[in-house]
Every structure is written in structure tokens, then in C-alpha cells.
> 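After the C-alpha cells below, expect a handful of questions from me.
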Amino acid sequence: MATVAAHDELNVYESAEARFEIAARQLGLEDGLYRFLKYPNKEITVYIPVVMDDGRMEVFTGYRVQHSLVRGPCKGGIRYSPHVTIDEVRALATWMTWKCAVVDIPFGGAKGGIICDPEKLSRSEIERITRRYTAELSEWLGPEKDVPAPDLGTDEQVMAWVMDTFSMHMRHTVTGVVTGKPLALGGSLGRREATGRGLMMICNKALEKLQLKPSQCRTIVQGFGNVGSIAAELMHETGYKIIGASDVHGGLYNEKGLDVPKLVDWVYRQHKPLPEFPGGERTSSQEILFRPCEVLVPAAIENQITSENAHRVDCKILCEGANGPTTAYADDVLQQKGVFVLPDILANAGGVTVSYFEWVQDRQGFFWRESEVNQRLQDVMDRSFDQVVELREAHKVTSRTAAYMLAIRRVASALRLRGIYA
Ligand code: NAD
């Protein structure tokens with residue numbers, strides 16, 4: 001099939017669109033549905049006035065994009081970063097729609113972002129920004145409308161402030177308005193680890209398919225935050241040999257395998273820079289991606305594997321922990337090289353799946369054991385992997401196209417049943 005590539009390779013929205021287009025074409029999606037699903041349902045921009053600690057007033061720009069409400073309330077994180085753009089938020093919202101549909105949970109996609117640098121803000125400034133952003137959006141949020149979660153630069157505490165602000169406006173406590181909350185406020189056991197755990201579950205399925213054992217898999221993880229460090233820890237426990245890891249400060253490589261529990265302790269309990277860990281050779285954050293390995297896990301940021309460097313990737317399995325780590329142009333190169341790609345909308349869907357479990361538990365007011373959460377997650381990830389692989393083989397397409405096809409088919413069939421309200 002002819003490739004559809006993004007016009008501007010590094011524009012993540014164009015990258016998301018390019019993948020949607022290939023899958024929609026393969027499915028023979030009707031023109032009207034194609035147009036409906038291509039564009040977001042709503043894009044909200046808010047200008048957030050905040051009094052800073054020194055008494056100055058600043059105005060921050062925030063977005064919330066709701067891509068689809070067809071299969072249920074919108075779901076998607078809130079990102080605080082100086083690099084947030086409306087195109088990025090739009091792409092991430094679109095990916096959330098497809099991600100929720102791939103794992104068949106009853107949500108549509110949304111994403112939010114505020115252009116700010118959390119590293120340069122005090123906790124109380126972040127609290128005021130969060131509360132005003134939530135207040136501005138309060139009519140669009142709610143357990144039945146749109147349910148945010150953490151993303152880059154936001155955490156459990158930020159979710160607690162969103163929940164409290166929304167609850168103050170509603171005049172009663174509404175725990176189900178956000179997920180990724182602290183346990184004491186209706187969070188779920190297993191949520192913090194869910195994306196990394198889901199990533200490993202999907203990798204395990206790929207290994208089974210390729211008849212490999214974890215002990216035969218040299219593994220490299222780019223990004224050592226929530227997703228990357230937990231994936232590395234769990235994969236290490238399962239027997240994968242983690243030979244490389246990196247974060248924004250640089251990378252570490254050891255062909256004999258890194259001592260992951262000690263590295264986690266070094267970064268998270270001793271708060272020391274990852275590249276200074278005494279147990280590996282220093283390399284750069286990006287160069288680590290091109291060392292030979294069986295499993296490569298980009299779990300940092302977008303656009304790491306591009307048409308410029310994809311030929312240097314030397315792995316059997318690419319398991320995408322980050323959203324959009326591979327550009328649409330790079331897809332072709334990886335396909336020619338025979339890399340088994342586990343696309344982001346499948347591989348990192350463990351987080352939103354356990355967010356769904358959190359939302360269900362909040363609405364029931366009944367909380368599950370951690371083993372129960374993990375078992376349900378395992379069922380969802382295994383089933384989703386099998387369905388994607390089945391489509392991939394039936395249509396002779398890449399796993400990424402198959403995942404998009406599965407997702408688009410589910411959303412389109414819900415839309416056909418609902419019809420268009422006029
Ligand atoms: P995080 O902020 O906890 O960690 C990000 C990590 O990436 C940090 O270690 C940071 O140092 C590193 N990093 C940043 N820039 C880098 C660079 N240029 N090179 C190498 N490392 C770099 O964020 P997270 O929650 O782990 O999210 C990581 C990615 O996974 C994002 O794309 C996010 O959208 C995606 N994701 C997260 C979740 C979740 O549940 N947290 C779920 C699905 C997808």
C-alpha cells in the first residue's frame with residue numbers, strides 16, 4: 001500500500017494523521033466517517049491568570065482538546081511543559097481515542113496541556129495554575145464528560161488539586177473526575193506501575209510470538225521516569241537483561257547488564273544523576289537507541305526515531321513506551337528492517353486501562369486488591385495484543401496499522417449505531 005507520510009516529519013499531529021489515513025484507507029472507511037474521526041470534537045484554549053510568589057501576575061496558556069465522545073467520556077492526561085503546543089495536544093488527544101479503543105475501554109480521547117516550566121515554578125504556583133485551569137474548564141470536565149490524568153510534568157498531587165477544585169465547584173466530593181490520584185483520595189492500587197507493567201506484558205507476548213525468552217533479550221530503555229524506570233525494574237525482575245538506560249541528562253551502557261534495582265535507588269532515593277551511576281559506560285540520551293539489542297523501549301518523549309536515524313536502530317522488537325517516539329516516515333524504514341513494532345497505542349495502554357479501573361472503583365466506591373488490578377490488566381493487554389496480531393496477519397499490514405484499524409473500526413461502528421444528531 002502507498003505510504004502516507006507527514007508533511008512536516010516532526011509535527012506529531014501530522015504523524016498521527018498519517019497513521020490514521022493509512023488505516024482508514026485499508027479499512028475502506030466512508031468519506032463522512034473519515035472526516036468526522038479526523039477532527040477533534042472540541043478544542044478549548046484558556047488564559048490562566050496567576051499571582052506568582054513574588055506578587056507579579058502572569059498569564060499562562062492552557063489547552064484541553066476533546067477528540068471523541070463517541071464511545072464514552074473523554075479520557076486523557078494533562079501535560080505541563082514549556083514545549084506544549086496546540087498541535088501536540090491535538091495529536092495526543094487523537095491517540096487517546098485510538099488507545100482506549102484498541103484496549104476496548106469505554107472512553108473517547110482527550111488531552112490537556114499548559115505552557116509552563118514546572119522546574120521553574122514553586123509548588124504553590126503550580127497549585128494556583130492547576131486550580132485556575134480546572135475552574136476555567138469545570139463545565140467541560142466530570143466523570144461522565146471528561147476525565148483527566150497525569151502526564152509529563154504533572155503527578156498525583158496535581159490530580160488531587162484538580163479533584164478538590166472540581167469538587168468545590170460541584171459542592172460535593174467527586175473522586176471520579178480524575179485518575180492517577182493518591183490512594184487516600186480514591187486512587188487505585190497498581191496505577192503508578194500500570195504503564196510500565198503493561199509495556200512488559202505486551203513485550204512478553206511478542207517474545208512468545210517470536211519464540212524468545214526474556215534471558216535472551218538484551219534490552220535498552222530510553223527515559224527513566226514513571227514509565228521507563230518501572231518497565232526496566234519489572235523487566236529486570238522477569239529476566240530481561242537491561243544493558244542500557246538513559247534520561248534527559250545522558251545514557252548508561254553495560255553489555256553485561258545494569259544492576260537496575262541499584263540504578264533506581266541511585267536516581268530515586270539518592271537523587272543522583274543517572275549517567276553518573278558507577279556500573280556502566282556513559283553515552284548520550286539518544287545514542288543509546290542505536291546500540292544492538294533485542295528489545296528497544298523508547299519511553300521518554302516524541303520524535304526520537306526519525307527517517308534520519310531509523311536505519312541505525314538495531315533491535316528485533318521496538319516497544320513504544322512514550323507517545324509518538326517514532327515518526328511516520330521512520331515507520332517504513334523499520335518495516336524494511338523487519339523490526340517487530342509494538343505501537344504506542346497498544347504498548348503503553350496499560351496506564352489508561354488501570355485509569356479506567358480507578359474510575360470504575362471510584363464510581364462503585366469499592367476498591368480492588370492490587371493482584372486483582374494486575375490480573376485484569378493482564379487480561380486486557382493479552383487480549384488486545386492477540387487482536388492486533390490477528391488483524392496484522394489477516395491484512396498483511398504492520399502492527400501499527402493493525403492497531404489503528406482495530407481502533408478505528410470500533411469507534412466507527414459505535415458512531416454508525418449512534419448516528420449523527422441533527
Ligand atoms: P516522566 O516525566 O516521569 O519521565 C520522562 C523521562 O524521560 C525522564 O526520565 C526524563 O529525564 C526522560 N527524558 C526527557 N527527555 C529526554 C531525552 N531527550 N532523552 C532521554 N530521556 C529523556 O514521564 P512518564 O510519565 O514516564 O512519560 C514518558 C512518556 O510516556 C511520555 O511520552 C508520556 O506521554 C508517555 N506515557 C506515559 C504514561 C503514564 O502513565 N505515565 C502512559 C502512557 C504514555
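Counting starts at 1 for both ligands and their atoms, following the listed order.
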> Which bit of N226 is near ligand 1, meaning a heavy atom under 4.0 Å away: side chain, backbone, both or neither?
both
> Which of the numbered atoms in ligand 1 are under 4.0 angstrom from any heavy atom belonging to R191?
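The list of qualifying atoms is 40 (O).
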> Does NZ or CZ of R19 fall inside the cone over Y404's six-membered ring, less than 6.0 Å from its centre and within 45° of the axis?
no
> If hydrogens are left out, which of A300, G223, G180, G321 has an atom nearest to atom 29 (C) of ligand 1, that is, the closest non-hydrogen atom?
A300
> For D151, counting its heavy atoms only, list the atoms of ligand 1 lying under 4.0 Å from any of them.
33 (C), 34 (O)
> Is there a side-chain contact between C315 and V339 in this structure, where contact means two heavy atoms from C-beta onward sitting under 4.5 Å apart?
yes
> Is the charged tip of R64 near the ring of Y133: under 6.0 Å from the six-membered ring centre and within 45° of its axis?
no
> Indicate yes or no: does R363 engage E358 in a salt bridge with an N to O separation below 4.0 Å.
no
> Would you say A299 has any N or O atom under 3.5 Å from an N or O of ligand 1, going by distance alone?
no
> Is it the side chain, the backbone, both or neither of K111 that has a heavy atom closer than 4.0 Å to ligand 1?
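No part of K111 is near ligand 1 at this cut-off.
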> Run K145 and C74 through side chain to side chain contact (heavy atoms under 4.5 Å, CB included) and show every step you take.
CA-CA 6 Å; K145 293 182 180 174; C74 294; over 6 Å; no
> N/O of G228 under 3.5 Å from N/O of ligand 1, yes or no?
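So ligand 1 has no N or O lying under 3.5 Å from an N or O of G228.
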> Which residue and atom name correspond to the protein heavy atom nearest atom 19 (N) of ligand 1, and how close is it?
S285 CB, 3.3 Å
> Relative to W368, does R376 satisfy both conditions: NZ or CZ under 6.0 angstrom from the six-membered ring centre, and within 45 degrees of the ring's axis?
yes
> Under a 3.5 Å cutoff, is there a donor and acceptor pairing between the side chains of D87 and N11?
yes
> On a heavy-atom basis, I'd like to know which of G225, A231, S246 is closest to atom 6 (C) of ligand 1.
G225
> Show the nearest heavy-atom pair for residues S167 and T173, with the distance to one decimal.
OG-CA, 3.6 Å
> Quick test: of every protein heavy atom, which one is nearest to atom 21 (N) of ligand 1, and how far off is it to 0.1 Å?
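Going atom by atom, the protein heavy atom closest to atom 21 (N) of ligand 1 ends up being D247 C, 3.2 Å.
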> Of all the atoms in ligand 1, which lie at a distance below 4.0 Å from a heavy atom belonging to Q222?
19 (N), 20 (C)
> Starting from the C-alpha separation in whole Å, work towards a yes-or-no answer on salt bridge (charged side-chain N to carboxylate O under 4.0 Å, His left out) for E127 and R123.
CA-CA 6 Å; E127 176 175 354; R123 283 310 268 177; over 6 Å; no
> Where the closest heavy atom to atom 18 (N) of ligand 1 is concerned, which of I301, V248, T195 has it?
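Shortest heavy-atom distance from atom 18 (N) of ligand 1: I301.
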> Quick one: nearest non-hydrogen protein atom to atom 9 (O) of ligand 1, plus distance?
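The closest heavy atom on the protein side is F224 N, 3.0 Å.
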> Okay, side chain of D155, backbone of V158: is any donor-acceptor separation there less than 3.5 Å?
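Checking the backbone N and O of V158 against the side chain of D155, a donor-acceptor pair under 3.5 Å is found.
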> Give the intermediate values and the outcome of salt bridge (charged side-chain N to carboxylate O under 4.0 Å, His left out) for residues E156 and K181.
CA-CA 5 Å; E156 288 190 346; K181 299 181 293 294; over 6 Å; no
> Could you list the atoms of ligand 1 found under 4.0 angstrom from a heavy atom of A322?
29 (C), 30 (O), 32 (O), 35 (C)
> Just let me know how R79 lines up against ligand 1, side chain, backbone, both or neither, with a heavy-atom cut-off below 4.0 Å.
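Only the side chain of R79 comes within reach of ligand 1.
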> Counting both backbone and side chain atoms, is some N or O of K99 under 3.5 Å from an N or O of ligand 1?
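Among all N and O atoms of K99, none is under 3.5 Å from an N or O of ligand 1.
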> Out of I345, V227, T154, N348, whose heavy atom sits nearest atom 26 (O) of ligand 1?
V227
> Heavy-atom distance under 4.5 Å between the side chains of L342 and S399, does that happen here?
no
> Does V352 approach ligand 1 within less than 4.0 angstrom via side chain, backbone, both or neither, non-hydrogen atoms only?
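Near ligand 1, V352 shows nothing, with every heavy atom at 4.0 Å or more.
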> From the options D155, L92, N323, N303, select the one whose nearest heavy atom is closest to atom 32 (O) of ligand 1.
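Considering heavy atoms of D155, L92, N323, N303, the nearest to atom 32 (O) of ligand 1 sits in N323.
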> Can you list the ligand 1 atoms lying under 4.0 Å from a non-hydrogen atom of L152?
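Under 4.0 Å from L152, ligand 1 has these atoms: 2 (O), 23 (O), 27 (O).
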